[in-house]
Amino acid sequence: MRVVIGADHGGFELKEKIVDFLKSKNIHVHDYGTHNTESCDYNEPAKAVAKAVAEGEADRGILLCGTGVGMSIQANKIKGVRAANVNDAYTAKATRLHNDSNVLTLGGRILGDELAKTLVDVWLHTEFSGEKRHQRRVNKFEE
Ligand code: RB5
């Protein structure tokens, strides 16, 4: 699985931990930055990750800012992207099963490290259910 990741200053520290976590699981990850805690806008990393997913260069994207919210709003502006801001394991699973989300957004100022790793693990390893009603609803995102 090809994963791309990005963060602003609010998500930088957690991003570093998620990158290490993914590497420890032998999951290839391309890091679009940011690479330090200096203040920056979340829009650019969000667009870079969202476009990589929308254009098929990556299978999934992960974005981190302070809350995950700015990242999700920006990523969802890119056609074909279904970004979900997730804080709990039930939603991490449900948004794959039901929404076929292809970008996960997380809050570096909200989540503990171990919870964030669990959310990433659950989200990456849950497949879309493919059930007809869910597929119909996902299709309507693009109408
Ligand atoms: C930056 O201070 C903060 O606004 C940003 O990381 C994010 O939480 C926005 O949604």
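What you see below is based on every heavy atom in this structure, not just the backbone, and it leaves out hydrogens, waters and symmetry mates. Note that ligands are numbered from 1 as they come in the structure, with each ligand's atoms numbered from 1 the same way. Predicted model, so just to flag it, every value in this text is computed and none were measured. All residue numbers refer to positions in the sequence shown, counting from 1.
- From the protein, the heavy atom lying nearest to atom 9 (C) of ligand 1 is Tyr42 CE2, 3.5 Å.
- Of the candidates Asp100, Val86, Leu104, Thr95 forms a side chain to side chain contact (heavy atoms under 4.5 Å, CB included) with just one, namely Val86.
- Remark: ligand 1 atoms within the under-4.0 Å shell around heavy atoms of Gly66 are 5 (C), 6 (O), 7 (C), 8 (O).
- Atom 1 (C) of ligand 1 has His9 NE2, 3.6 Å as its closest protein atom, hydrogens excluded (heavy atom only).
- Contact annotation for Thr67 and ligand 1: heavy atoms of both the backbone and the side chain come within less than 4.0 Å of the ligand.
- Ile62 CD1 to Leu14 CG: the interatomic distance, rounded to the nearest 0.5 Å, is 10.0 Å.
- Here Lys47 does not pair with Glu44 in a salt bridge; the nearest charged N to carboxylate O distance is not below 4.0 Å.
- Within a 4.0 Å radius of atom 4 (O) of ligand 1, the protein has no heavy atom.
- Here Arg2 does not pair with Glu57 in a salt bridge; the nearest charged N to carboxylate O distance is not below 4.0 Å.
- Between Phe128 and His134, the ring planes lie perpendicular to each other; the angle is over 60°, past the 30° to 60° tilted range.
- Residue contacts with ligand 1, taken as heavy atom pairs separated by less than 4.0 Å, do not involve Met71 at all.
- Of the inter-residue distances, the one linking Asp41 atom CG with Cys65 atom SG reads 11.5 Å to the nearest 0.5 angstrom.
- Counting protein heavy atoms only, atom 10 (O) of ligand 1 is closest to Gly70 N, 2.8 Å.
- Summary of contacts: the protein heavy atom closest to atom 2 (O) of ligand 1 is Arg109 NH1, 3.2 Å.
- In terms of N/O distances under 3.5 Å, ligand 1 is approached by Asp8.
- Tested against Lys17 for a side chain to side chain contact (heavy atoms under 4.5 Å, CB included), the candidates Val120, Leu22, Asp113 yield a single pass: Asp113.
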